[in-house]
Amino acid sequence: ICVLIYFFPVKGYLRKGQCHALMKENQKALATFDAGLKIDPNNNEIKAAIQKVMVQISYGQHDEESVRRNVEGDPELKVILKILFFFRNI
């Protein structure tokens, strides 16, 4: 869904990967970021997101408060997460 929402599919892959990371689905996040890098191998935002997920995996940093801060700081992620939770409950 995220990939279809954005005109630029790389941005959609970035947002979708970020949502997976926030939901503690690290492997899905990395796979999604990888798909975005296949379209734009030089995308620094995706590279930074991959780095962040790798750090979270190595340190196990997924406490509820940090997730809440990340979502509250990005209104686009709030909308995407609401859509994902809606479809997950259908």
Side-chain angles (χ1 to χ4, degrees):
I1 293 174
C2 297
V3 177
L4 298 175
I5 291 174
Y6 290 99
F7 180 72
F8 300 103
V10 173
K11 188 72 163 182
Y13 283 113
L14 173 66
R15 293 296 185 205
K16 183 178 178 183
Q18 289 172 329
C19 288
H20 282 304
L22 288 173
M23 293 189 299
K24 302 178 186 178
E25 299 171 344
N26 293 321
Q27 297 307 316
K28 287 182 181 180
L30 292 174
T32 303
F33 293 141
D34 187 50
L37 282 179
K38 287 179 182 174
I39 295 171
D40 183 4
N42 299 318
N43 188 294
N44 290 328
E45 285 182 286
I46 292 180
K47 289 178 181 180
I50 290 171
Q51 183 76 19
K52 185 175 180 180
V53 170
M54 295 303 289
V55 168
Q56 288 175 345
I57 289 171
S58 64
Y59 289 112
Q61 295 178 347
H62 258 309
D63 62 88
E64 201 171 308
E65 184 59 33
S66 67
V67 170
R68 188 176 295 115
R69 278 194 310 267
N70 287 337
V71 172
E72 288 174 357
D74 194 332
E76 288 182 23
L77 282 179
K78 281 183 177 180
V79 171
I80 293 169
L81 283 173
K82 285 180 183 178
I83 292 169
L84 287 174
F85 285 125
F86 173 77
F87 284 109
R88 186 180 247 184
N89 293 324
I90 291 180

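Note that the coordinates shown come from a computational prediction; the quantities given were computed from them, not determined experimentally. Excluded from the calculations below are hydrogen atoms, water molecules and symmetry mates; all remaining heavy atoms, backbone and side chain alike, are included.
Closest of all the heavy-atom pairs between I50 and F33 is CG1-CB, 3.5 Å. Contact record, G36 with V10: O-CG2, 4.1 Å, taken as the closest heavy-atom pair. Taking both residues in full, the closest heavy atoms of K47 and L37 are given as CG-CD2, 4.2 Å, listed atom of the first, atom of the second, then distance. Y13 and T32 make their closest contact through O-CG2, 3.3 Å (heavy atoms, listed as atom of the first residue, atom of the second, distance). The minimum heavy-atom distance between A29 and G17, with the atom names listed, is CB-O, 3.3 Å. Listed here is the closest heavy atom pair of I46 and N43: N-OD1, 2.9 Å.
For the pair L30 and M54, the minimum side-chain heavy-atom distance is below 4.5 Å. In this structure the side chain of Q27 reaches within 4.5 angstrom of the side chain of I57, judged on heavy atoms.
Note: D40 CG to E45 CD = 10.0 Å, rounded to the nearest 0.5 Å. Remark: M23 CE to Q18 CD distance equals 12.0 Å, nearest 0.5 Å.
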